[in-house]
Protein chains: 2
Amino acid sequence: MAGRRQTASRVLPRPSGRGDAFEQWPADVEFGVLRELMGYALRRAQIAIYEDFFATVEDLDITPPMFSSMVLIRNNPGLRQSSLGRIVGIARSGTMTLVDRLERAGLVQRLSVPGDRRVNELALTDHGNTVLDELIRRIRAHDDRVSAGLTDDEKVTLRALLARF
Amino acid sequence: MAGRRQTASRVLPRPSGRGDAFEQWPADVEFGVLRELMGYALRRAQIAIYEDFFATVEDLDITPPMFSSMVLIRNNPGLRQSSLGRIVGIARSGTMTLVDRLERAGLVQRLSVPGDRRVNELALTDHGNTVLDELIRRIRAHDDRVSAGLTDDEKVTLRALLARF
DNA sequence: TATTGTTATACTCTATAACTATA
DNA sequence: TATAGTTATAGAGTATAACAATA
């Protein structure tokens, strides 16, 4: 059993349809150690935020990695496909899938580079730029919404604390 | 395109082997809006923590959901399989897979209930209890480690802020 | 030889839907 | 009819490994 490679299980639940996954909780659940663990607190918060994220951009068919990629592509002109993958933290093959999807949606284009014929530079299309503006507008609102329980000071504190990890 | 059901993409990257996914970043990456978003800060923090979590329990072949399930099972005697699923936030079929895995590893047992022959109550095996003790020991250390940059006060603050989501 | 993009393949996790047996 | 557990099936996401073209 020792050392067996486990590839996954880094998934966060998201209520997709109206399956049976999100019925009522039993009352009086005892969480034990979980209550003390930063990791668990973070995970629950993340679940809540993802839920709201998907509701926010549902009609645009955008996932969090797609959104961050678009932001990174706009803000780093000439970004290469492989660099994007490294920043986002996925394998080259996964970057393919991601960029394929963005390209198929007409949001991103691959541009060949004169100097080095191996590489693709990524750029938003006009449509991509328009969609990203709308996404940023909505996602800012979403972010304000999910952190509505916090004062501005607390938000600053929280971001600062999170950055330490 | 509107309203198309998207099932997934709530996955957090984890460096599993030594693939090409985790090479050096390009320098001077511009993150744009991402820097302001609580959701993004949370995601990055979560990635860092998951990474350390897996390193911590690698030899025991335990995933975060397995760990939380074991804690919940121990702390809520007579917990039913379906209740566990509801608490953790996964569908009944997914709960099956999870409990199957715990059972196959000899950590959890399904007990039939005299009153209602439809239900299974869950309990840790002796081995499960032993393993959970070890897990808690390690994961507490892991949690301290990843939040080492924080004072005790800051940890309290952070947990409190996260709980608001 | 190393790197970029690419394709093939496999694995994990999750979900929905349908089935069985109970209640 | 409704609920608990179960099984079947499909889909998304990721990874590793190998390949071609280029450097």
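Below, chains carry the letters A, B, ... as their sequence lines are ordered, and counting in each starts from 1.
Within the 3.5 Å criterion, the main-chain N or O of A:G39 finds a donor-acceptor partner in the side chain of B:D143. Put simply, the side chain of B:T125 gets close to the backbone of B:G106: a donor and an acceptor are under 3.5 Å apart.
Closest to the A:R101 side chain, of the nucleotides D:dA4, D:dG13, D:dT22, is D:dG13. Minimum atom distance to the side chain of B:Q81 is reached by D:dT6, of the listed D:dA15, C:dT6, D:dT6. Closest to the B:S82 side chain, of the nucleotides D:dA4, D:dA23, D:dT14, is D:dA4. Out of D:dT14, C:dG5, C:dT6, the shortest distance to the side chain of A:V119 is found at C:dG5. In the set D:dG13, C:dG5, D:dA4, C:dG5 carries the atom at the smallest distance from any side-chain atom of A:N120.
The CG atom of A:L98 sits 13 Å away from the P atom of C:dG5 (whole-angstrom rounding). As rounded to whole Å, 14 Å separates atom C1' of C:dG5 from atom CG of A:L79. Atom CD1 in B:I90 sits roughly 6 Å away from atom P in C:dT14 (whole-Å rounding). Going from atom CE of A:M66 over to atom C1' of D:dA12 covers 13 Å, rounded to whole Å. Remark: P of D:dA15 and OH of B:Y50 are 15 Å apart, rounded to the nearest angstrom. Across the protein-nucleic acid pair, A:R117 atom CZ and D:dA20 atom P stand 18 Å apart, rounded to whole Å. A straight line from CZ of B:R86 to C1' of D:dT3 spans 9 Å, rounded to a whole angstrom. Whole-Å rounding puts the B:D116 CG to C:dA21 C1' distance at 10 Å.
Between the side chain of B:R92 and the base of D:dG5, at least one donor-acceptor pair of N or O atoms lies under 3.5 Å. Judged by atom type and distance alone, B:S93 does not reach the base of D:dT6 through any side-chain donor-acceptor pair under 3.5 Å. In the interface, the side chain of A:R118 is paired with the base of C:dT3 through a donor and an acceptor atom under 3.5 Å apart.
For the residue pair A:Q46 / B:R43, no side-chain donor-acceptor distance below 3.5 Å is found, with atom types taken as modelled. For the residue pair A:R74/A:N129, the side-chain donor-acceptor check at 3.5 Å is satisfied.
For the pair A:R35 and A:E30, the salt-bridge criterion is met [side-chain N within less than 4.0 Å of a carboxylate O].
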